[in-house]
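One structure is given below, encoded as structure tokens.
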There are 2 protein chains.
Amino acid sequence: MKVKEVADLVGVSVRTLHHYDEIGLLVPDETTESGYRLYSNENLELLQQILFFKELGFSLQTIKEIVHSPTFDRQEALQMHHQTLLEKRNRLDKMIQTVEKTIQHDKGEIQMTTEEKFEGFDFRSNPYEREARERWGDEAVNRSNEKVAQMGPKIQKEMNDLYFSLASIRHMSPDSEEAQSAIAKWYDLLQSFGNYTPEAFRSLGEMYVSDKRFTKNIDRFGEGLAMFMREAMGVYADRQRK
Amino acid sequence: MKVKEVADLVGVSVRTLHHYDEIGLLVPDETTESGYRLYSNENLELLQQILFFKELGFSLQTIKEIVHSPTFDRQEALQMHHQTLLEKRNRLDKMIQTVEKTIQHDKGEIQMTTEEKFEGFDFRSNPYEREARERWGDEAVNRSNEKVAQMGPKIQKEMNDLYFSLASIRHMSPDSEEAQSAIAKWYDLLQSFGNYTPEAFRSLGEMYVSDKRFTKNIDRFGEGLAMFMREAMGVYADRQRK
DNA sequence: TGTTGACTCTCTCGCTACGTAATACTTTAT
DNA sequence: ATAAAGTATTACGTAGCGAGAGAGTCAACA
């Protein structure tokens with residue numbers, strides 16, 4: 001489907017779709033030779049999700065983090081949409097009541113406290129957003145992902161390669177020659193992200209198994225890799241101390 | 001009530017109130033010697049209305065035009081709020097249904113057309129806004145025209161003459177002798193239309209520039225006349241207050 | 001085959017409704 | 001009397017597009 005078809009179908013502007021592409025929120029699966037955007041069915045489903053989040057007042061930035069998170073779960077998200085839409089309807093119901101009361105109040109039929117006049121409003125920070133961020137967009141993971149993305153593709157490739165080598169030796173002992181030399185490379189590589197002390201390196205290793213999102217990500221290269229890396233990183237940190 | 005009290009009560013930020021003051025949407029009735037804003041009960045009621053309009057997606061500019069329109073009717077507006085809030089709830093209900101369907105669809109339990117997936121969204125132009133503009137913004141102009149017609153040709157001539165004189169001095173300062181005496185005649189003339197308080201007179205002046213139809217009409221007598229008149233009318237209102 | 005009209009692209013500029021300091025003064029509480 | 005909390009003004013920043021320019025593309029029709 002081309003832009004305008006999508007736009008007409010869902011009721012957003014072409015410009016909006018362009019914008020979502022620009023910021024990397026919804027990048028069409030394909031483009032023609034001449035540069036026309038072609039949206040796939042999956043693109044449409046993602047768009048639907050995006051619009052749900054938008055209706056709930058999420059910022060595009062947050063939405064992006066969420067839907068691209070490796071741990072994002074569509075079903076879970078839909079359940080959450082359902083829940084929060086119901087809450088939103090409750091708020092709306094309150095507002096409707098407030099209007100009704102105000103009409104009567106103005107006619108002099110009833111009394112209203114000042115607070116009652118503003119029931120149902122309250123534009124204070126959207127609580128759903130925080131919750132959802134905790135649920136999917138956890139900062140640790142995102143920052144890590146963002147940084148990786150920022151570092152450019154060549155570092156990404158190095159990381160991938162290293163993951164593969166580590167995976168291939170994950171059955172060996174974490175304090176073996178091979179393991180330690182591979183993990184040393186890992187340590188060096190991470191230096192390009194910030195200044196990791198050996199201790200920070202160790203706790204990062206801890207996170208690899210304690211935080212499921214990391215675990216999941218890492219274990220894609222081989223089951224048990226996260227655990228293996230934690231061990232190896234611990235040993236490495238120990239040896240650096242002396 | 002001071003800013004923060006209001007802010008906490010209704011759930012908006014202090015900055016927002018400042019902003020509304022800046023753009024002339026909600027100017028506090030009083031200020032202390034030291035410049036603190038003091039909001040009256042009437043200010044609060046207006047704020048409530050403003051928030052209703054905002055909830056319905058009106059721009060601040062439009063809201064300003066509406067609530068300051070000399071023909072604005074609170075009861076009528078409240079009825080309209082009520083109506084459109086109900087419509088909004090219907091839309092929300094549709095969205096909720098869409099989520100529910102999508103959940104089932106994802107589980108493979110039912111089928112969904114592409115259109116069904118986007119039912120309840122549709123961010124296309126807010127119909128309420130147009131309607132409301134017609135109701136108040138337009139009517140303001142229409143009623144004004146009607147009234148002029150009703151008043152007969154001699155008043156029309158007087159108005160025309162006054163427009164010309166004003167146009168001829170529109171390069172002068174709005175608070176000059178000449179400007180003020182001409183605008184005083186204008187004020188007197190308008191008294192035959194209804195009972196204009198100085199404040200209503202001021203907001204009428206605001207409309208001369210904020211509403212293009214007025215502006216166009218007035219500027220036929222000289223470019224910039226509408227703006228000049230607004231200034232002069234503002235000064236006039238200021239001086240009458242004391 | 002050429003032409004028209006509807007789409008498309010990228011780029012740039014503009015706008016709204018505030019958020020976020022920074023800095024200085026005022027009021028209230030202890 | 002001093003700190004803490006609130007307030008004012010000014011200034012700059014941001015999000016999420018809208019609007020328009022200028023140029024290329026595509027399907028249909030003459």
Side-chain angles (χ1 to χ4, degrees), chain A residues 1-39 43 47 50-67 121-126 129-130 133 137, chain B residues 1-39 43 47 50-67 121-126 129-130 133 209-210 212:
Chain A
M1 293 183 70
K2 288 191 275 185
V3 266
K4 180 125 196 267
E5 301 179 67
V6 177
D8 286 346
L9 175 64
V10 315
V12 301
S13 73
V14 170
R15 178 66 176 95
T16 298
L17 293 174
H18 282 175
H19 184 59
Y20 291 176
D21 187 0
E22 259 180 53
I23 65 173
L25 174 56
L26 180 63
V27 182
D29 266 359
E30 280 186 278
T31 55
T32 70
E33 279 186 14
S34 45
Y36 283 24
R37 284 163 246 254
L38 295 179
Y39 292 84
N43 287 152
L47 178 54
I50 290 173
L51 293 182
F52 276 129
F53 278 112
K54 224 189 101 184
E55 175 72 22
L56 299 178
F58 288 61
S59 76
L60 297 187
Q61 190 43 238
T62 307
I63 298 178
K64 186 180 162 189
E65 283 177 28
I66 291 177
V67 301
F121 290 94
D122 208 330
F123 295 91
R124 279 165 280 221
S125 70
N126 183 338
E129 179 149 357
R130 248 201 43 229
R133 272 193 112 118
Chain B
M1 293 183 69
K2 287 189 277 185
V3 266
K4 180 126 196 266
E5 300 178 69
V6 177
D8 286 346
L9 175 65
V10 316
V12 302
S13 74
V14 170
R15 177 67 175 93
T16 298
L17 294 174
H18 282 175
H19 185 59
Y20 291 176
D21 187 0
E22 259 179 54
I23 65 173
L25 174 56
L26 180 64
V27 181
D29 267 358
E30 281 186 277
T31 54
T32 69
E33 280 185 14
S34 46
Y36 283 25
R37 283 163 249 254
L38 295 179
Y39 291 84
N43 287 151
L47 177 54
I50 291 173
L51 294 182
F52 276 129
F53 278 112
K54 224 189 99 185
E55 176 73 22
L56 300 178
F58 288 61
S59 76
L60 297 189
Q61 192 42 237
T62 308
I63 298 178
K64 188 181 162 187
E65 281 176 31
I66 291 177
V67 301
F121 289 97
D122 209 330
F123 294 91
R124 280 165 279 217
S125 72
N126 184 342
E129 177 149 358
R130 250 201 42 229
R133 273 191 112 119
V209 307
S210 69
K212 282 163 207 153

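Keep in mind that the numbers below use all heavy atoms, side chains included, and drop hydrogens, waters and symmetry copies.
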What is the distance, to the nearest angstrom, from the [atom1] atom on [X] to the [atom2] atom on [N]?
{"X": "A:Glu22", "N": "C:dT12", "atom1": "CD", "atom2": "C1'", "result": "11 Å"}
{"X": "B:Leu38", "N": "C:dT26", "atom1": "CG", "atom2": "P", "result": "15 Å"}
{"X": "A:Tyr39", "N": "C:dT8", "atom1": "OH", "atom2": "C1'", "result": "12 Å"}
{"X": "A:Leu17", "N": "D:dG16", "atom1": "CG", "atom2": "P", "result": "15 Å"}
{"X": "B:Ile50", "N": "C:dA17", "atom1": "CD1", "atom2": "P", "result": "12 Å"}
{"X": "B:Phe58", "N": "C:dC18", "atom1": "CZ", "atom2": "P", "result": "16 Å"}
{"X": "B:His19", "N": "D:dT9", "atom1": "NE2", "atom2": "C1'", "result": "16 Å"}
{"X": "B:Glu5", "N": "D:dG6", "atom1": "CD", "atom2": "P", "result": "10 Å"}

OP1 or OP2 of [N] less than 4.0 angstrom from a side-chain nitrogen or oxygen of [X], does that happen here?
{"X": "B:His18", "N": "D:dA8", "result": "yes"}
{"X": "A:Lys54", "N": "D:dC17", "result": "yes"}
{"X": "B:Arg37", "N": "D:dT9", "result": "yes"}

Pairwise 5' ranking along DNA chain C for B:Arg15 and B:Leu60, keeping only the more 5' one: B:Leu60
Any chance you could measure [X], atom [atom1], to [Y], atom [atom2], to the nearest 0.5 Å?
{"X": "B:Thr62", "Y": "B:Phe53", "atom1": "OG1", "atom2": "CZ", "value": "10.0 Å"}
{"X": "B:Gln61", "Y": "B:Ile23", "atom1": "CD", "atom2": "CD1", "value": "7.0 Å"}
{"X": "A:Leu25", "Y": "A:Lys54", "atom1": "CG", "atom2": "NZ", "value": "10.0 Å"}
{"X": "A:Glu65", "Y": "A:Ile63", "atom1": "CD", "atom2": "CD1", "value": "11.0 Å"}

Sugar-phosphate, base or nothing in reach of A:Val3, heavy atoms under 4.0 Å: sugar-phosphate
Which atom of A:Ala7 lies closest to which atom of A:Ser13, heavy atoms considered: CB-C, 4.2 Å
Minimum-distance pair of heavy atoms, taken over all atoms of A:Phe121 and B:Val10: CB-O, 4.1 Å
Atom pairs and distances, donor-acceptor, side-chain atoms in residues 28-38 of chain B, under 3.5 Å, two or more places apart:
from: B:Asp29; atom 1: OD2; to: B:Ser40; atom 2: OG; distance (Å): 2.8
from: B:Thr32; atom 1: OG1; to: B:Ser34; atom 2: N; distance (Å): 3.3
from: B:Thr32; atom 1: OG1; to: B:Ser34; atom 2: OG; distance (Å): 3.0
from: B:Thr32; atom 1: OG1; to: B:Gly35; atom 2: N; distance (Å): 3.4
from: B:Thr32; atom 1: OG1; to: B:Tyr36; atom 2: N; distance (Å): 3.0
from: B:Arg37; atom 1: NH1; to: B:Asp21; atom 2: OD2; distance (Å): 2.5

Proximity to the side chain of A:Lys4 - top-ranked nucleotide from C:dT28, C:dG19, C:dT8: C:dT8
Side chain of A:Ser13 - closest among D:dC17, C:dT27, D:dG18: D:dG18
Of residues 24-36 of chain A, the positions that come close to DNA chain D - non-hydrogen atoms, cut-off under 4.0 Å: A:Ser34, A:Tyr36
